[in-house]
Amino acid sequence: MTPTLAVLTMTRGNHEQLLGQVDGISVGSRPTDLHVVVSMGDRDLTRNRLPLGTDRWRTIVRPVQTDRRALPYAAARNLAARTAIEEGAEVLVFLSASAIPGGRTLQRYADAVTGSGAGAGERPDVDGPAMWCGPVLELPPPENPVVGYPFGQLRDVAVPTPGVPALTPGQFEVDRRWELCSGCSFAMSAQDWETVGGYSTDYVGHGLEDVDFARAVHEAGGARVWVGGATAYQQLVPDVPLADEVRVALRHAAVWRERWGAEPDVPWLQRLQGQGHVRRDPSGRFTAA
């Protein structure tokens, strides 16, 4: 029996990117059964003013309580997952709103989570919960914004992101480096998600919430596993103002310290420190530079 699959995302604005995701789902070899979109204070989305619906799958839009100064990405992901599980989803595919799934991405995620399909014999056994992660490639701006991206040629124009292994479809690679998790594209079984307990909603704004979740997976005896061919294509999104990024970084570092008893040793904060935007005080804590 084919497992019920849900694609989960959340956004405020970025409507063109979200519609690009819907288009990508529609041309895939395996459509989703459910598309859960969480609105973070987006009136047009909450009031169903976007053409997200289709007769090929169900679309559910849910609002989450939002402070516009720092969007609740962690709470939004939890709400999306809870909604999907209540609707009977067994395979949860988490995508950023700006991510377009490749033509066979949803099928490869479903196969990885359930241990079926092509390459099942190569699928590694993970003792604890597994985050099945697909490679993410970055897209340049579309040549014609009105027409959008050529979905049959995304790989030809996209650029791989650093740190992603070069795997062929059907290959897997266990990656214990939880600190490198981006959260842009991954899948889990509903059971594994509930084992981990979801994201910590102490994180508000976008920063360490994905790495924290990957750390929680690790602490539960699980791991991230790369899935060859489960590709997602990242559309361009506006840069976050530096002052906002630093403010969120320091707040998230404090949450991390409270949760894990140490400072976060992660690339994002290392970059901000190297650029001179944050520093460590004599106790080792991150503070504004």
Side-chain angles (χ1 to χ4, degrees), residues 3 5-9 24 28-30 32 77 81 90-96 98-139 154-196 199 208-234 264-268 270-271:
L5 181 146
V7 172
L8 316 178
T9 194
S29 63
R30 194 245 197 255
T32 188
R77 285 213 153 156
E90 301 161 273
V91 177
L92 309 178
V93 177
F94 296 85
L95 294 176
S96 298
S98 55
I100 299 173
R104 294 187 58 80
T105 295
L106 298 187
Q107 183 63 61
R108 287 176 176 138
Y109 270 149
D111 290 347
V113 170
T114 60
S116 59
E122 302 298 322
R123 178 181 182 271
D125 291 326
V126 179
D127 292 336
M131 290 181 71
W132 304 94
C133 303
V136 176
L137 281 66
E138 296 180 351
L139 290 170
L154 293 181
R155 181 173 289 277
D156 297 334
V157 298
V159 178
T161 54
V164 177
L167 302 178
T168 59
Q171 285 188 314
F172 298 89
E173 183 174 309
V174 176
D175 191 342
R176 305 286 179 183
R177 300 172 300 171
W178 50 262
E179 68 275 9
L180 299 183
C181 178
S182 74
C184 179
S185 172
F186 69 93
M188 297 185 78
S189 70
Q191 181 178 353
D192 280 358
W193 169 266
E194 292 183 321
T195 295
V196 179
Y199 275 59
L208 292 180
E209 72 281 358
D210 293 318
V211 180
D212 183 280
F213 181 73
R215 169 75 180 268
V217 169
H218 174 79
E219 294 296 326
R224 297 164 65 223
V225 184
W226 291 102
V227 182
T231 307
Y233 299 91
Q234 177 76 46
D265 187 15
V266 298
W268 178 42
Q270 292 167 359
R271 173 178 62 81

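Each residue takes its place number in the sequence, starting with 1. Model, not experiment: these values are computed from the prediction.
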- Task: Give the C-alpha distance, both sets of side-chain angles, the deciding distance and a yes or no for side-chain contact (heavy atoms from CB on, under 4.5 Å) between R77 and D210.
- Result: CA-CA 10 Å; R77 285 213 153 156; D210 293 318; 3.1 Å; yes
- Query: Hey, mind stepping through V164 and V136 against side-chain contact (heavy atoms from CB on, under 4.5 Å) and telling me if it holds?
  - Reply: CA-CA 8 Å; V164 177; V136 176; 5.7 Å; no
- From CA spacing to verdict: side-chain contact (heavy atoms from CB on, under 4.5 Å), Q270, D265: CA-CA 7 Å; Q270 292 167 359; D265 187 15; 2.5 Å; yes
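With contacts defined as side-chain heavy-atom distances shorter than 4.5 Å, the pair V266/L208 qualifies. In this structure, R104 and P169 have side chains that are not in contact, with every pair of non-hydrogen atoms separated by 4.5 Å or more. You'll find the side chain of L139 reaches within 4.5 Å of the side chain of I100, heavy atoms only. A heavy-atom distance below 4.5 Å is found between the side chains of W178 and V211. Residues M131 and V196 have side chains not in contact (no heavy-atom distance under 4.5 Å, counting atoms from C-beta outward).
Side-chain N or O atoms of S189 include one that pairs as donor or acceptor with a backbone N or O of D192 at under 3.5 Å. No donor-acceptor distance shorter than 3.5 angstrom exists from the side chain of D127 to the backbone of G221, with no hydrogens or angles considered.
Between Y199 and F213, the ring planes are parallel. Angles under 30° get that label, and only those over 60° would be called perpendicular.
Summarising the geometry of S185 relative to L95, their closest heavy-atom pair is OG-CD2, 3.5 Å, with the distance given to 0.1 Å. Of all the heavy atoms in C184 and Q234, the pair that sits closest is SG-OE1, 2.8 Å. For the residue pair P129 and M188, the shortest heavy atom distance occurs at CB-CE, 4.4 Å. Across every non-hydrogen atom of E90 and P3, the tightest pair is OE1-CA, 3.4 Å. When all heavy atoms are compared, the tightest approach of V91 to A110 is CG1-CA, 4.3 Å. Taking every heavy atom of both residues into account, Y233 and G102 meet most closely at CE1-CA, 3.9 Å.
Separating the CZ atom in F186 from the OG atom in S96 is a distance of 9.0 Å, to the nearest 0.5 Å. Expressed to the nearest 0.5 Å, how far CZ of R176 lies from NE2 of H218 amounts to 8.0 Å. One finds the OG atom of S29 at 7.5 Å from the CG atom of L106 (value rounded to the nearest 0.5 Å).
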Determine all donor-acceptor pairs shorter than 3.5 Å in which one atom belongs to a side chain in residues 223-232; sequence neighbours excluded.
unit_1 : atom_1 : unit_2 : atom_2 : d
R224   : NH1    : R177   : O      : 3.1
W226   : NE1    : D175   : OD2    : 3.0
T231   : OG1    : R155   : NH2    : 3.0

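Applying the 6.0 Å contact sphere to CD of E219 captures more than 12 heavy atoms from other residues, nucleotides or ligands.
For D111 and R123, the salt-bridge test fails: no basic side-chain N is under 4.0 Å from an acidic carboxylate O.
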